[in-house]
> 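Take this structure first; my questions come after.
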2 protein chains.
Amino acid sequence: MSATNETQAGYEETMGHSGHRLTPQRREVYDVLLSERDHPTATEVFIRAKQKMSTISLATVYNCLETLVDCGLAKQVNVEREATRYCPNLDEHGHFVCDRCAKVFDVTLAAGQSLDRTWQVPEGFTVLRSEVTLRGLCNNCNT
Amino acid sequence: MSATNETQAGYEETMGHSGHRLTPQRREVYDVLLSERDHPTATEVFIRAKQKMSTISLATVYNCLETLVDCGLAKQVNVEREATRYCPNLDEHGHFVCDRCAKVFDVTLAAGQSLDRTWQVPEGFTVLRSEVTLRGLCNNCNT
DNA sequence: CTAGGTGCAAAAGGTTTGCGGTTAA
DNA sequence: TTAACCGCAAACCTTTTGCACCTAG
């Protein structure tokens with residue numbers, strides 16, 4: 001059994017329990033997210049999904065992605081004002097975007113670190129979530 | 001002499017030395033940024049600037065803001081897919097956005113902290129800049 | 001004088017919406 | 001059966017662009 005199939009079981013469970021229908025479109029969009037994990041945009045997901053499901057529309061891809069985010073099966077990744085990207089990595093993590101090749105990499109908190117420790121958040125503020133984007137050069141583009 | 005006037009001297013210096021003209025529009029846009037420091041959007045800057053300079057256009061505001069960012073007099077603040085906000089705080093800092101009142105607050109790195117220490121960046125990667133947005137509740141909205 | 005800036009209007013790019021028809025549960 | 005969902009097209013919002021005119025240096 002492949003990792004994709006294992007996670008598809010998670011899909012059925014999560015979708016079912018959250019009161020959302022298990023439609024072929026949503027399954028296909030989620031499959032695309034899981035198959036490459038390269039943080040595709042909605043349009044890229046659309047192009048890939050269309051290869052297997054020729055009738056799917058861009059609006060439906062947006063709808064499906066929104067549903068997946070609602071269920072907690074995917075996260076949105078915003079990089080400046082570019083098109084929103086999507087990833088199925090649910091762990092608390094940030095992103096590194098290479099200035100040269102534009103690839104997106106996941107980065108995790110270093111051992112013993114936390115956002116509260118890193119940032120001087122004023123007294124009485126509660127941090128619920130974060131969006132962190134680091135930019136620079138990846139090892140491939142770093143001369 | 002007010003803080004605004006003091007910083008306006010910085011404006012003239014920076015603009016002049018960066019080969020950009022000191023136009024009234026750019027001065028006004030920069031004045032708006034300095035006067036409230038509440039991270040306004042381009043449209044908000046436009047509305048405020050128009051009160052003093054009725055002929056200014058939204059496109060000019062966008063141009064002026066871009067010039068200020070180029071000169072290093074302002075920074076862009078992207079919060080998810082909302083309109084880009086602008087701030088004249090040039091120090092390395094992140095932002096906290098309140099989920100309830102939507103106000104934007106600057107947050108600085110805690111003593112002894114750095115992005116490299118916080119995030120597990122892969123070997124060979126170079127971090128050049130970062131964009132950090134924390135979300136949650138500010139002290140006012142935190143019941 | 002003239003390179004660079006301004007203002008207008010129109011376009012672009014990403015995302016959302018309204019609606020009639022379809023379908024998973 | 002029926003509330004939820006799909007696909008299409010059109011709308012929406014922020015941002016950018018082309019171009020004629022203007023102005024700071």
Side-chain angles (χ1 to χ4, degrees), chain A residues 8 11-32 39-47 49-71 73-86 102 104, chain B residues 8 11-32 39-47 49-50 52-71 73-86 102:
Chain A
Q8 277 292 356
Y11 158 81
E12 294 189 7
E13 215 172 289
T14 307
M15 286 297 247
H17 290 316
S18 66
H20 290 100
R21 286 195 197 159
L22 280 63
T23 69
Q25 289 84 353
R26 287 174 178 172
R27 178 185 292 273
E28 176 57 29
V29 165
Y30 189 47
D31 259 347
V32 168
H39 307 82
T41 63
T43 304
E44 285 164 353
V45 171
F46 171 58
I47 290 169
K50 206 171 171 72
Q51 291 173 7
K52 281 204 187 160
M53 184 180 279
S54 60
T55 60
I56 200 171
S57 74
L58 180 56
T60 295
V61 168
Y62 272 106
N63 286 334
C64 293
L65 288 169
E66 189 189 338
T67 305
L68 291 172
V69 171
D70 279 353
C71 302
L73 285 169
K75 278 187 174 180
Q76 293 191 320
V77 182
N78 291 299
V79 177
E80 283 162 20
R81 297 219 56 83
E82 297 164 20
T84 301
R85 298 174 173 278
Y86 294 84
V104 181
Chain B
Q8 276 292 354
Y11 159 81
E12 295 189 6
E13 216 173 288
T14 308
M15 285 299 246
H17 290 317
S18 66
H20 288 102
R21 287 194 194 157
L22 280 64
T23 69
Q25 288 83 355
R26 286 174 179 172
R27 179 184 291 275
E28 176 57 31
V29 165
Y30 189 47
D31 259 348
V32 168
H39 307 81
T41 63
T43 303
E44 285 164 353
V45 171
F46 171 59
I47 291 169
K50 206 170 173 73
K52 280 205 188 160
M53 184 179 280
S54 61
T55 61
I56 200 169
S57 73
L58 179 56
T60 295
V61 168
Y62 271 106
N63 288 334
C64 293
L65 288 169
E66 189 189 339
T67 305
L68 291 171
V69 170
D70 279 354
C71 302
L73 285 169
K75 279 187 172 181
Q76 292 190 321
V77 182
N78 291 298
V79 178
E80 283 162 22
R81 294 218 60 83
E82 297 164 20
T84 301
R85 299 175 173 276
Y86 295 84

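Quick note on labels: first sequence line is chain A, next is B, and so on, each numbered from 1. Note that this is a predicted model, so its numbers are computed, not measured.
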> Walk along nucleotides 20-25 of chain D from 5' to 3' and tag each nucleotide B, S or - by protein heavy-atom contact under 4.0 Å, base first, then sugar-phosphate.
---BBS
> Do A:His20 and A:Cys71 have side chains that get closer than 4.5 Å, going by heavy atoms?
yes
> State whether B:Gln25 places a side-chain N or O below 4.0 Å from either non-bridging phosphate oxygen (OP1 or OP2) of C:dG7.
yes
> Do you know the tightest heavy-atom contact between A:Glu82 and B:Arg81?
O-NH1, 2.7 Å
> Return the value, rounded to whole Å, for the distance between atom NZ of A:Lys50 and atom C1' of D:dC8.
11 Å
> Output a table of donor-acceptor pairs, distance under 3.5 Å, between side-chain atoms of residues 56-64 of chain A and any protein atom two or more places apart or on a different chain; print 'none' if there are none.
from	atom 1	to	atom 2	distance (Å)
A:Ser57	OG	A:Thr60	N	3.2
A:Ser57	OG	A:Thr60	OG1	3.0
A:Asn63	ND2	A:Ala59	O	3.4

> Check whether any side-chain nitrogen or oxygen of A:Ser57 sits under 4.0 Å from OP1 or OP2 of D:dC6, and answer yes or no.
no
> Looking at side-chain heavy atoms only, is the closest gap between B:Arg27 and B:Glu12 below 4.5 Å?
yes
> Using a 4.0 Å heavy-atom cut-off across all strands, classify B:Thr67 as base, sugar-phosphate, or nothing.
nothing
> In whole Å, I'd like the distance from the CZ atom of B:Arg26 to the C1' atom of C:dG7.
14 Å
> Quick one: do A:Leu22 and A:Tyr11 satisfy side chain to side chain contact (heavy atoms under 4.5 Å, CB included)? Show the steps, please.
CA-CA 9 Å; A:Leu22 280 63; A:Tyr11 158 81; 4.2 Å; yes
> Any N/O pairs under 3.5 Å between the protein and nucleotides 11-20 of chain C? List them or say none.
from	atom 1	to	atom 2	distance (Å)
C:dT15	OP1	A:Thr84	N	2.8
C:dT15	OP1	A:Thr84	OG1	2.8
C:dT15	OP2	A:Tyr62	OH	2.4
C:dT15	O5'	A:Tyr62	OH	3.3

> Dump the intermediate steps for side chain to side chain contact (heavy atoms under 4.5 Å, CB included) on A:Lys75 and A:Val69, then the final yes or no.
CA-CA 6 Å; A:Lys75 278 187 174 180; A:Val69 171; over 6 Å; no
> Taking CG from A:Asp70 and P from D:dA4, how many angstroms apart are they, rounded to a whole number?
14 Å
> Would you say A:Val29 and A:Leu65 make side-chain contact, with heavy atoms under 4.5 Å?
yes
> Backbone N or O of A:Gln25 within a donor-acceptor pair of the A:Glu28 side chain at under 3.5 Å?
no
> Specify the separation, in whole Å, of atom CD1 of A:Ile56 and atom C1' of D:dC8.
14 Å
> Would you kindly give the CZ-to-P distance between B:Phe46 and D:dC13, to the nearest whole Å?
16 Å
> Taking the side chain as every heavy atom from C-beta outward, state whether B:Leu73 and B:Met15 have any atom pair closer than 4.5 Å.
yes
